[in-house]
Structure formats: C-alpha cells, structure tokens
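These notes are about the structure you will find just below.
These numbers were taken from a predicted model, which means no experiment stands behind them.
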Amino acid sequence: EAAVTQSPRNKVTVTGGNVTLSCRQTNSHNYMYWYRQDTGHGLRLIHYSYGAGNLQIGDVPDGYKATRTTQEDFFLLLELASPSQTSLYFCASSGGAAETLYFGSGTRLTVL
Amino acid sequence: QQQVRQSPQSLTVWEGETAILNCSYEDSTFNYFPWYQQFPGEGPALLISISSVSDKKEDGRFTIFFNKREKKLSLHITDSQPGDSATYFCAAVTGANTGKLTFGHGTILRVHP
C-alpha cells in the first residue's frame, strides 16, 4: 500500500504569514502533486512534479510556490498567506501519468 | 472553465437502491477516467477507472458506463450500502502524458439504512 505522509495535520497562521506544508512518499513514485479542496470546487491542482528538481504549474498556482527536493519530498510554500488560502490541502503521488494517485490524509490550513 | 462536470451535487438513496452518479467532460483528448471515493477526514482513494477504448467497466457493485460520442460517463452503485456514503470524484487524464489529473467537483452520496 502506497504511503503518503503530510505534515502538519492542522495549521493556523495569520494574514501575511509564512507557511510550509510538507509531504513525503515512500514508494519511489516519480509524480507528486499538491491539491486544495474547497466546498463547491472539489479538488484543484496547485503544482505537481515529475521528479526531484522538477516543478510543473497546475490550475491554481497563484500565491503558491513548491519545491521537490528529493524523489520522496515535496513542499508547498505560502510566503504571504491570505485568508483565501484557507483550505484543506492534499498531497498525492503516482508512479506514472495515468496511474493511480495515492493521497495523504490532508493538512487543514486556516489563515486568520 | 470547468472541464469535468459532475451531477448531482448530492444524492440520497435508500439501502439496496442503485445510485447513479453522472460525469461529463469537455476535452476530447481525455482518455482515462478514474473515479475516486473520499470518506470524511480522509484523502480520496481510487475506486474504479475506465479508459476511452471501453464502454463499460465493472468491479463488484460498481460499474462505469462510458459514452465517448457524448463525452459522458456514469457510475452506478448497485445494492447501495450505508458504508458507501462518501464523496465521489470523477477525474480525467489527457493522453499527452502530462500526469495532470483534472477532477470534477464531486457528488456527495448518502445511503440511508
């Protein structure tokens, strides 16, 4: 069973704050993804990566940076957090382009 | 522009009934359609998938029907159980091998015992 671990599980910050969400997968998957989930919008892709050092822009990238430091680790950075970024964030990994996505348990971020 | 649409937004059925969840898409290059199931407090997990070369895929009580000409899919859950209560996402992948999965907004299914 693929394992994707996200941290922290919950995070509260203030407007303008600096936040880093972490994701680690232990299945040697090439692809990793960051999604946000909001009521009425479903899952929206923020950034994704094909491998270490690679970064691809998703559908809602504004206000977010991401970095893939190793094959296992993918980080999402909010350098100037805004209330509109209050959301449930999911990391996922997959072995290939059309292969199964394995999701983490999510990080709930609140920006006050 | 929403490329993958799902309906209804929410659906309530009684235990034992068949639940039908609908999905449609815009992009004709989409050729792989997974459905993900999400329980509260958890991440989504793959339930069943179909490629555009097939018109039907069955896995136990779950069946996908696919109409390529109309760009429509439906997920049928027969003999619905309370444990099937979850949010169901239809998704689509383009054949361009980008790795980018586009999700619909989801259908919330409630199965009453």
### Contact class of B/Pro34 relative to chain A, heavy atoms under 4.5 angstrom
neither
### Query
In this structure, are over 12 heavy atoms from other groups packed under 6.0 Å from A/Leu55 atom CG?
yes
### Query
Crowded around A/Lys11 NZ? As in, over 12 foreign heavy atoms under 6.0 Å?
no
### Message
Taking atom CZ as the centre, does A/Arg24 end up with more than 12 heavy-atom neighbours from other residues, nucleotides or ligands that are less than 6.0 angstrom away?
### Response
no
## Note on the structure
Between the CG atom in B/Leu101 and the CG atom in A/Leu43, the distance rounded to the nearest 0.5 Å is 9.0 Å
### Task
Would you check if the side chain of B/His105 reaches a backbone N or O of A/Gly42 as a donor-acceptor pair within less than 3.5 Å?
no
### Task
Return yes when atom CZ of A/Arg108 has more than 12 non-hydrogen atoms of other residues, nucleotides or ligands closer than 6.0 Å, and no otherwise.
no
### Task
Establish whether B/Phe65 and B/Leu73 are linked, either directly or via other cluster members, by ILVMFWY side-chain heavy-atom contacts under 4.5 Å.
no
### Query
What part of B/Gln38 is in contact with chain A, defined as an atom under 4.5 angstrom from a non-hydrogen atom: side chain, backbone, both or neither?
side chain
### Query
Do the side chains of A/Gln37 and B/Phe89 get nearer than 4.5 Å, heavy atoms only?
yes
### Message
I'd like to know if the side chain of B/Tyr36 and the backbone of A/Leu101 have a donor-acceptor N/O pair within less than 3.5 Å.
### Response
yes
